[in-house]
Structure formats: C-alpha cells, structure tokens
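Remember, predicted model here, so these are calculated numbers, not experimental data. Order of listing sets the numbers, starting from 1, for every ligand and every atom in it. By convention here, the first residue in the shown sequence is residue 1.
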Amino acid sequence: MSIDAAPDNFYRGRFAPSPTGPLHFGSLVAAVASYLQARVNNGEWLVRIEDIDPPREMPGATDAILRALERHGFEFPAPLLQSSRLEHYDEIITALLDQGLAYRCSCSRKTLQTNPNLGRAGVIYPGTCRTATGDATRQAASVRVRTSNELLTFTDALQGTQKCRLESEIGDYLVRRGDGLVAYQLAVVIDDSYQAISEVVRGTDLLDSTFMQIWLQRCLKLPTPAYMHVPVVTGRDGKKLSKQTGAQELNPDSPVRNILYAFVFLGLNPPESLQEATLAEAWSWGFEHWQPAALTNLLTRPADDLNGV
Ligand code: GLU
C-alpha cells in the first residue's frame, strides 16, 4: 500500500497542515521539528496537504503554506493533496462497515450535546447506534468505528508511555462525519501508511488522537509508525496558537529569524551571529545541534518565552 516500498529502517517523516490559513509560528514549529528529525536521520520529508474539510478551509491557503515553506528553505517533493484521495477513503470506510468494525450513526450533534459525558477528546459517544438495525441508521451519513476497552499504549519519543482505554475514555469515534466528509482520524491513518511514514512528529495537541489512529491501524492491519509529540506554542491566553484563533502569519521578510525563533522554541540555543547567517547556514546549524530530548515531558510552551531572543 505504500507509494514506493522504502527499504527497511528508512526514515520518512512528514508535515501535514490543514489549509485553514497561512503558516503561523505554531505550525512552523511542527514543520521545523519534523524536518530536523527527518534530516538528521538521513530520511525523506514529505508535505501532505490535509484539504478534506472545505468548510474550514481558506481560499489560497494551500499555496500560501507551500510558498512559505519554500521561503523558509524547506526542501520537499511535490506534496500529496488529500482531496485527491477521497475515493480511496470511501473504499476503506465501506470495508470497515462490511467487516462490522464500524457502523452507521444517526445521532445528531444536538442530541449528543444533551447531558454529554465528557472524555479526553470531547463527548464520549454513548453507543446509541452500535446495535441499531432498523431504517433509522441505514441512510445515516455518519460512520463510527467500534472501540473496545482494552488498554492501548504507545511510547512517545518525548512524552513517554501513553495509555488509554478508548471505549470508556474517548468512545466510538467518527470516520465519516454527518456532513459526509471523511474524518481526519481516518484520512491521516490511510495516508501515513500510503506514504510509508516511519515517524510522525507533530504537536502534543494530537496525543489523544494518536490512540484513535493506532486503533484504526489495527483495524486496517496497517503498521504503526513511531510518534514524537513536540510542545505546542501557546499564546498569551494559554491556548494553542492556531489559525482559528487568528495567529499571525509569519513575516515573509525574515525567514532566518523565524527559523531561529523556532529553534529556540524547540530548546536549541543558536548563537547571535546566526542572525546574520543565510538560510542554508541556519539550517545546517540546526541539523548539527538538534537535540529533541531537551523537550522531554514538555506539553506546551508560551511564545512569550521567546521574548528577548
Ligand atoms: N492536519 C493537522 C493539522 O493541521 C495535523 C495532522 C497531523 O500532523 O497528524 O492540525
């Protein structure tokens, strides 16, 4: 199922932005961490545009993100657009349904918000449609994957051993939403496997999603990559810096400075002289000094920490 079979032990990383806005400092940090990790492992680094949620997308964001990456000196082959893979996701959802690993769900978001039981990833689905057999669910667009309560564990390269009992802590989750769109959890699993990603490096906001992804990998008999979750950048309000909360677009005129900021955020200590360096020099300093262990057990870090850099 992979694009081209990579030799065993070949490192392949990726950066997988959703085109909901231009590249901002929070997403630059995820891109820089995954790029450093791929380069120091002599691996390949891919960009995948996760454009499967048109209502949340911003026209022109895909181009803006790709241009910003290039301007910051990232080198990568032609990106994969998830919007080109919709038929494939559909086939997999059908297979999950046929095997009884997933089921159609007719519960509205409104019903689920009434007396919700909140878990680590929002409302825990109460299982209403799990055993439904009648017409009510036959036409339903939403599809949920059936979870169990066995203990799922994985060891994150920075955050250590993570544990979750999916059924009681997260609940059966959507692989297709009520509006018919494929859910992120499914698309990401299919494409990490399709692109033979060996390690996923991304923000700690996706730690809980990892359990849902590992569960789907098991259902689909796909390999589980290694995971490294780096701290997410928070704003003054303590919340994750994100395109939705209006994070500022990176200043396109100071790519070296932006990269050095990202290095500092990621625990590196670039010398002042690098401020005058070329992009290539800044990057090669990063490849030489990348020490992700400095980020062990760090879930978030305020951008304000960087004052005075
Ligand atoms: N597309 C997701 C986002 O922009 C990230 C997916 C991932 O790295 O797994 O937040």
**Request:** Output all residues satisfying side chain to side chain donor-acceptor pair (under 3.5 Å) with Arg104, sequence neighbours left out; order by chain, then residue number.
**Result:** none
**Request:** Scan for side chain to side chain donor-acceptor pair (under 3.5 Å) pairs involving residues 206-215, sequence neighbours excluded, and state none if there are none.
**Result:** Arg120-Asp208, Tyr184-Gln213, Gln185-Ser209, Gln185-Gln213, Arg202-Thr210, Arg202-Gln213, Thr210-His229
**Message:** Quick check on contacts: which atoms of ligand 1 are under 4.0 angstrom from a heavy atom of Ser18?
**Reply:** 1 (N), 2 (C), 3 (C), 4 (O)
**Request:** Between Tyr184 and ligand 1, find which residue part has any heavy-atom pair under 4.0 Å and reply side chain, backbone, both or neither.
**Result:** side chain
**Request:** Closest by any non-hydrogen atom to atom 8 (O) of ligand 1: pick that one out of Arg14, Lys240, His229.
**Result:** Arg14
**Request:** Just let me know how Pro17 lines up against ligand 1, side chain, backbone, both or neither, with a heavy-atom cut-off below 4.0 Å.
**Result:** backbone
**Request:** State the atoms of ligand 1, each with its element, that fall below the 4.0 Å cut-off from a heavy-atom position in Glu50.
**Result:** 1 (N), 2 (C), 5 (C), 6 (C)
**Message:** Please check whether Ala16 reaches ligand 1 - meaning an N/O of the residue sits under 3.5 Å from an N/O of the ligand, judged on distance alone.
**Reply:** yes
**Arg202 neighbourhood, listing ligand 1 atoms whose heavy-atom distance to it stays under 4.0 Å** = 7 (C), 8 (O), 9 (O)
**Request:** Take the angle between the ring planes of His88 and Tyr194 and call it parallel below 30°, perpendicular above 60°, tilted in between.
**Result:** tilted
**Prompt:** Same hydrophobic cluster for Val189 and Leu181, using side-chain heavy-atom links shorter than 4.5 Å among ILVMFWY?
**Reply:** no
**Asked** Between the side chains of Thr224 and Gln217, is a donor N or O closer than 3.5 angstrom to an acceptor N or O?
**Response** yes
**Exercise: do Gln159 and Asn297 side chains pair donor with acceptor under 3.5 Å** = no
**Item:** For Val188, atoms of ligand 1 separated by under 4.0 Å from a heavy atom
**Value:** 9 (O)
